There are 2 protein chains.
Amino acid sequence: MSAPLNLTKNQALVFDALTRAEGPMSAYTILDKLRDHGFRAPLQVYRALEKLLELGLVHRLESLNSFVACSHTAEACCRHHGTVAFAICESCGQVSEFHDHAIDERLASFARLKGFKAEKTTIELRGLCSACAG
Amino acid sequence: MSAPLNLTKNQALVFDALTRAEGPMSAYTILDKLRDHGFRAPLQVYRALEKLLELGLVHRLESLNSFVACSHTAEACCRHHGTVAFAICESCGQVSEFHDHAIDERLASFARLKGFKAEKTTIELRGLCSACAG
DNA sequence: ACAATCGATGTAATAACATAACACCAACAT
DNA sequence: ATGTTGGTGTTATGTTATTACATCGATTGT
């Protein structure tokens, strides 16, 4: 486990916490998990997250105000896959990350048509995963 | 103008405020606009919003923690158009609402494949509108 | 070496967003 | 007339995020 890149101590701690969690966590939940490691204030978490988001190691779930480790952190990461979309189970909290080129195309096409310059795209499905839907 | 349906006084006030605004507003901003009309607490706003969201007269922008009036409130409203997507200008705050059947299909197809039962879908583009991008 | 700069950090305070808990009241059906 | 439902008002609290300010260490140009 641990630090895949040139992460600082705080960044690595936050990343590890998220990776272990196997599910989304709020910044404050992360903070609580890291109190033993010397974290005292939200800003320590938010600053680390900011960097991790920038690196694409972590994603923010807007509809949950929380954060997940990127599921493709094996080697290459998400920047290579186009827009990231999430399916979030309301029941068990499981998040699955996916990419769909056709959707990217449609969004790009809309943007082209309207002259809209998209910087960031959010796609999130809330519902029930197959296990929970039964 | 004004109450299109059987809205209560508070619901109508919130809806009017959002309609006039021609842009997204946070619940607290709405609260401030309605102080003159007797609003005193956030809950009054949130309760009205809850109903308006349910009726499809208003949308929540997850990436902004704020709310907009549905742009199709002429007659029929958004429930008839499938998933609603938003292009949000970071510069001028303008929001344009759109619908894309092909995207709906791709998302439905993903859901089918994974056995995911989607209850609610969020699609938001953040960026610059044509006017602001220049 | 020296200062300058840059990025990360620590801490406290506060802002912004959202809900819980409780009481009250009007409309309406049984 | 009583119970139920849905809206309301109020206070308090919980949750998420940022601002402001001080410090520290590494790097770099001179």
Side-chain angles (χ1 to χ4, degrees), chain A residues 2-18 21 23-55 57-68 88 90 93 120 122 124 126, chain B residues 3-18 21 23-55 57-68 88 90 93 95 120 122 124 126:
Chain A
S2 307
L5 279 157
N6 300 325
L7 300 182
T8 64
K9 179 158 170 275
N10 285 0
Q11 291 159 11
L13 283 167
V14 168
F15 182 67
D16 276 13
L18 276 173
M25 297 173 93
S26 76
Y28 280 74
T29 304
I30 296 170
L31 174 57
D32 286 339
K33 297 258 181 205
L34 294 180
R35 292 213 187 266
D36 295 345
H37 295 270
F39 275 51
R40 313 297 314 271
L43 203 47
Q44 295 174 289
V45 177
Y46 281 110
R47 288 202 274 228
L49 285 172
E50 181 179 21
K51 195 67 179 191
L52 294 168
L53 288 166
E54 209 175 301
L55 295 171
L57 296 173
V58 159
H59 301 294
R60 179 187 169 92
L61 301 176
E62 299 289 353
S63 68
L64 244 40
N65 293 323
S66 59
F67 305 85
V68 273
I88 302 165
E90 311 261 30
K120 174 161 198 309
T122 298
E124 295 175 19
R126 305 282 298 269
Chain B
L5 280 158
N6 300 325
L7 300 182
T8 65
K9 180 162 170 270
N10 285 1
Q11 291 158 12
L13 283 167
V14 169
F15 182 67
D16 277 13
L18 277 172
M25 294 173 94
S26 76
Y28 278 74
T29 304
I30 296 171
L31 174 57
D32 286 339
K33 298 259 181 204
L34 294 180
R35 291 213 187 267
D36 295 345
H37 296 270
F39 274 51
R40 314 297 314 271
L43 205 47
Q44 296 174 288
V45 177
Y46 282 109
R47 288 203 272 228
L49 285 171
E50 182 180 20
K51 195 66 176 194
L52 295 168
L53 288 166
E54 208 175 301
L55 295 171
L57 295 172
V58 158
H59 301 295
R60 179 188 168 93
L61 301 176
E62 299 289 353
S63 68
L64 243 38
N65 293 323
S66 58
F67 305 85
V68 273
I88 302 165
E90 311 260 29
V95 173
K120 175 163 199 306
T122 299
E124 296 176 18
R126 306 280 299 267

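Nothing here was measured: the structure is a model prediction, and the numbers come from that model. Every chain is numbered from 1, with letters handed out A, B, ... down the list of sequences.
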K.L.:
Just checking, any donor-acceptor pair under 3.5 angstrom between side chains of A/Arg126 and B/Thr122?
P.N.:
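Note: A/Arg126 and B/Thr122 side chains miss the donor-acceptor criterion.
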
K.L.:
Report, as yes or no, whether the 6.0 Å neighbourhood of atom NZ on B/Lys120 holds more than 12 heavy atoms from other residues, nucleotides or ligands.
P.N.:
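For B/Lys120, atom NZ is crowded (more than 12 foreign heavy atoms under 6.0 Å).
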
K.L.:
Would you say D/dG7 has OP1 or OP2 under 4.0 Å from some side-chain N or O of B/Lys51?
P.N.:
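Answer yes for this pair, as a side-chain N or O of B/Lys51 is under 4.0 Å from OP1 or OP2.
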
K.L.:
Roughly, in whole Å, what's the span from NZ in A/Lys9 to C1' in D/dA26?
P.N.:
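Roughly 18 Å, once rounded to whole Å.
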
K.L.:
Within the pair B/Thr8 and D/dG6, is there a side-chain N or O less than 4.0 Å away from OP1 or OP2?
P.N.:
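It does not, given that no N or O in the side chain of B/Thr8 lies less than 4.0 Å from OP1 or OP2 of D/dG6.
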
K.L.:
Excluding sequence neighbours, so at least two apart, what forms salt bridge (charged side-chain N to carboxylate O under 4.0 Å, His left out) with B/Arg47?
P.N.:
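B/Arg47: no salt bridge (charged side-chain N to carboxylate O under 4.0 Å, His left out) contacts found.
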
K.L.:
Here's a test for you: under side chain to side chain contact (heavy atoms under 4.5 Å, CB included), which of B/Leu49, B/Thr8, B/Leu31 qualifies with B/Val14?
P.N.:
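For B/Val14, the side chain to side chain contact (heavy atoms under 4.5 Å, CB included) test succeeds with only one of B/Leu49, B/Thr8, B/Leu31, which is B/Leu49.
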
K.L.:
Atom CZ of A/Phe39 to atom P of C/dA8: distance rounded to whole Å?
P.N.:
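Roughly 13 Å, once rounded to whole Å.
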
K.L.:
So if I define the base as every atom that isn't primed, P, OP1 or OP2, how would nucleotides 11-21 of chain C read as a B/S/- string at a heavy-atom cutoff under 4.0 Å?
P.N.:
B-----BBBBB

K.L.:
With heavy-atom distances below 4.5 Å as the criterion, would you say the side chains of B/Val68 and B/Leu18 are in contact?
P.N.:
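In short, these two side chains do not touch, never coming nearer than 4.5 Å.
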
K.L.:
In whole angstrom, what separates A/Ile30's CD1 from D/dT15's P?
P.N.:
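Spelled out: CD1 on A/Ile30 to P on D/dT15 is 16 Å.
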
K.L.:
Measure the distance from CG on A/Leu31 to P on D/dT15 and round it to the nearest whole Å.
P.N.:
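Rounded to the whole Å, the gap is 13 Å.
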
K.L.:
What is the distance, rounded to the nearest whole Å, between atom CG of B/Asn10 and atom C1' of D/dG9?
P.N.:
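About 10 Å, once rounded to whole Å.
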
K.L.:
In whole angstrom, give the distance that lies between atom NE2 of B/His37 and atom P of D/dT8.
P.N.:
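Distance check: B/His37 NE2 to D/dT8 P gives 15 Å.
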
